[in-house]
Number of protein chains: 2
Amino acid sequence: MTKTAASENNLKEINKKDRILDAAEELFAQHGYDGVTIRQIAKAAEVDVALANYHFGKKLDLFHAVFDRRAQLLSDTRRQLLLSEQDAPQTLEQIIEAFLLPLKMAQQTGDAGWRNYLALLAYVMTSPVWNKIMMDKVFDKRVHEFIEALKNVLPNANEEKLHWCYHYMSGALALTLAQTGRIDRLSMGKCESTDFDTAYKLMVPFLAEGFRKVCG
Amino acid sequence: MTKTAASENNLKEINKKDRILDAAEELFAQHGYDGVTIRQIAKAAEVDVALANYHFGKKLDLFHAVFDRRAQLLSDTRRQLLLSEQDAPQTLEQIIEAFLLPLKMAQQTGDAGWRNYLALLAYVMTSPVWNKIMMDKVFDKRVHEFIEALKNVLPNANEEKLHWCYHYMSGALALTLAQTGRIDRLSMGKCESTDFDTAYKLMVPFLAEGFRKVCG
DNA sequence: CACTATATTCAACAAGTGTTGAATTTGCAA
DNA sequence: TTGCAAATTCAACACTTGTTGAATATAGTG
């Protein structure tokens with residue numbers, strides 16, 4: 001039962017500490033690290049400015065705290081999903097599905113907090129600076145496991161093509177997580193950025209065929 | 001004969017005004033709008049702080065000036081590329097190639113200025129805030145033209161699937177333009193973020209097959 | 001040369017930044 | 001209750017931010 005920090009629903013019984021995390025999550029996701037001030041976060045969380053510092057230290061530490069909070073859970077769930085079907089012969093589609101888990105996750109929980117976090121993840125994925133600092137520490141192991149899994153179902157693929165295809169997949173995923181609203185505008189409302197359900201369903205076959213063509 | 005502003009080659013005869021644009025382009029692309037101060041830009045351009053304001057007005061105006069400088073040229077070239085082959089029956093691959101032109105462009109010129117601009121474009125594409133403000137004004141027409149062109153070669157596709165597939169393509173493109181360096185680290189040097197040549201060559205068949213699968 | 005418009009520098013402003021230390025309140029155990 | 005540690009507020013600091021107006025330099029024209 002989390003809550004969007006910047007919204008004014010009446011579930012204010014939760015921790016001020018958590019309110020700060022929620023508010024920071026939403027604001028960082030929308031405006032980036034430098035686009036948000038601690039005072040804005042404090043205001044959105046309805047909390048004193050100094051409290052963020054008391055709980056999380058410096059601004060950069062708060063950013064890391066926000067990112068790490070759900071990163072580990074995401075990474076762990078991904079591994080579970082992969083290992084649970086390890087004995088069964090996996091199809092290319094199943095492997096990709098496991099990697100697109102974040103979409104499924106946000107879609108199932110329907111939680112605004114998770115939606116915000118995924119936008120933050122997209123921000124980190126696409127930023128040259130933050131990508132280098134934040135992505136490697138948690139997600140690298142899972143990515144290598146997935147590349148290995150892909151090798152099994154695409155035995156003729158060479159390493160370079162495999163990595164480029166993974167890169168394309170990662171890009172399609174990142175832009176989806178970002179929820180920029182552009183697809184809404186371009187399609188004149190026929191598609192919605194937040195419709196992770198459809199995004200997930202169409203993305204799997206789209207990517208699978210691409211992999212087969214280039215790495216088959 | 002442009003020049004990277006933050007680098008120290010000896011081609012300093014060019015305009016201070018242009019030096020500001022070049023420096024801003026590089027810094028905005030790397031750290032985002034809020035991550036860069038006018039003083040940093042001025043320092044990189046070896047120019048007084050007030051000069052940026054004199055030439056371009058407010059910081060936001062400078063940002064727009066940087067973005068617009070190459071946007072129109074990019075959009076125009078795209079249309080040329082599409083119309084030049086209008087009479088000949090186009091294949092799906094040709095249409096996608098036209099859309100991935102930015103890659104080809106930077107790859108052919110080998111210009112650092114263009115590489116910086118493409119990273120800036122990726123920043124705007126993936127940011128919820130900037131996307132809404134900046135993308136529509138220049139690129140929308142071209143996108144609609146491309147969607148129409150796709151309908152011709154994929155007559156059975158419905159509008160919604162078409163837009164989602166375009167969205168995946170856009171994501172793969174954006175992450176490539178961003179040059180985050182992640183593919184370099186994940187592949188342990190086997191791939192390079194700045195290798196637009198390979199990125200382009202593999203991306204076309206990858207995307208084309210995805211389109212065929214979902215919209216065929 | 002003088003004249004003028006443009007380009008560039010200098011110094012400074014008001015507002016906002018992250019951060020801190022001391023004071024105050026709160027929650028909880030004894 | 002009292003005592004104590006954690007949580008929270010208050011006020012302020014040193015510094016940086018974007019922006020501006022006046023002063024100076026530069027370049028081109030008559």
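Chain naming here is simple, since letters A, B, ... match the order of the sequence lines and numbering starts at 1 in each.
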**OP:** Identify the 5'-most and 3'-most nucleotides of DNA chain D with at least one atom closer than 4.0 Å to a non-hydrogen atom of chain A.
**Re:**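 Counting from the 5' end, contacts occupy D:dA6 to D:dA12.
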Original post:
Hey, would you say the A:F28 and A:Y123 ring centroids sit under 6.0 Å apart?
Top reply: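 Between A:F28 and A:Y123, the centre distance exceeds or equals 6.0 Å.
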Subject >> Check: B:W130 ring centroid to B:F63 ring centroid under 6.0 Å >> reply: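 Centroid distance B:W130-B:F63: below 6.0 Å, so yes.
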Original post:
For DNA chain D, what residues of residues 28-36 of chain A have any heavy atom nearer than 4.0 Å?
Top reply: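 Going residue by residue through residues 28-36 of chain A, none turns out to have a heavy atom under 4.0 Å of DNA chain D.
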**OP:** Using a 4.0 Å heavy-atom cut-off across all strands, classify B:K17 as base, sugar-phosphate, or nothing.
**Re:**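 Result for B:K17 = nothing.
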Original post:
Which residue, A:F211, A:Y200, A:F146, forms the ring pair (Phe, Tyr, Trp, His ring centres under 6.0 Å) with A:F99?
Top reply: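 Of the listed residues A:F211, A:Y200, A:F146, the ring pair (Phe, Tyr, Trp, His ring centres under 6.0 Å) partner of A:F99 is A:F146.
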Rounding to an integer number of Å, can you tell me how far [X] [atom1] sits from [N] [atom2]?
X: A:L51; N: C:dT25; atom1: CG; atom2: C1'; result: 13 Å
X: A:Q40; N: C:dT17; atom1: CD; atom2: P; result: 7 Å
X: A:Y54; N: C:dT25; atom1: OH; atom2: P; result: 17 Å

Subject >> Any pair counted as salt bridge (charged side-chain N to carboxylate O under 4.0 Å, His left out), so long as it reaches residues 122-138 of chain A, sequence neighbours left out >> reply: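 Qualifying pairs: A:D68-A:K137, A:D136-B:R182, A:D136-B:R185.
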Original post:
If only side-chain N and O atoms of B:H55 are considered, is one of them under 4.0 Å from the OP1 or OP2 phosphate oxygen of C:dT6?
Top reply: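 B:H55 to C:dT6 OP1/OP2: no side-chain N or O under 4.0 Å.
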**OP:** Confirm from the modelled atom types if A:R39 and C:dG16 form a donor-acceptor pair under 3.5 Å, side chain to base only.
**Re:**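 No, the side chain and the base share no sub-3.5 Å donor-acceptor pair.
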Original post:
Pick the nucleotide of DNA chain D nearest each of B:N53 and A:A50; which residue has the one closer to the 5' end?
Top reply: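 Comparing both residues, the 5'-ward one is A:A50.
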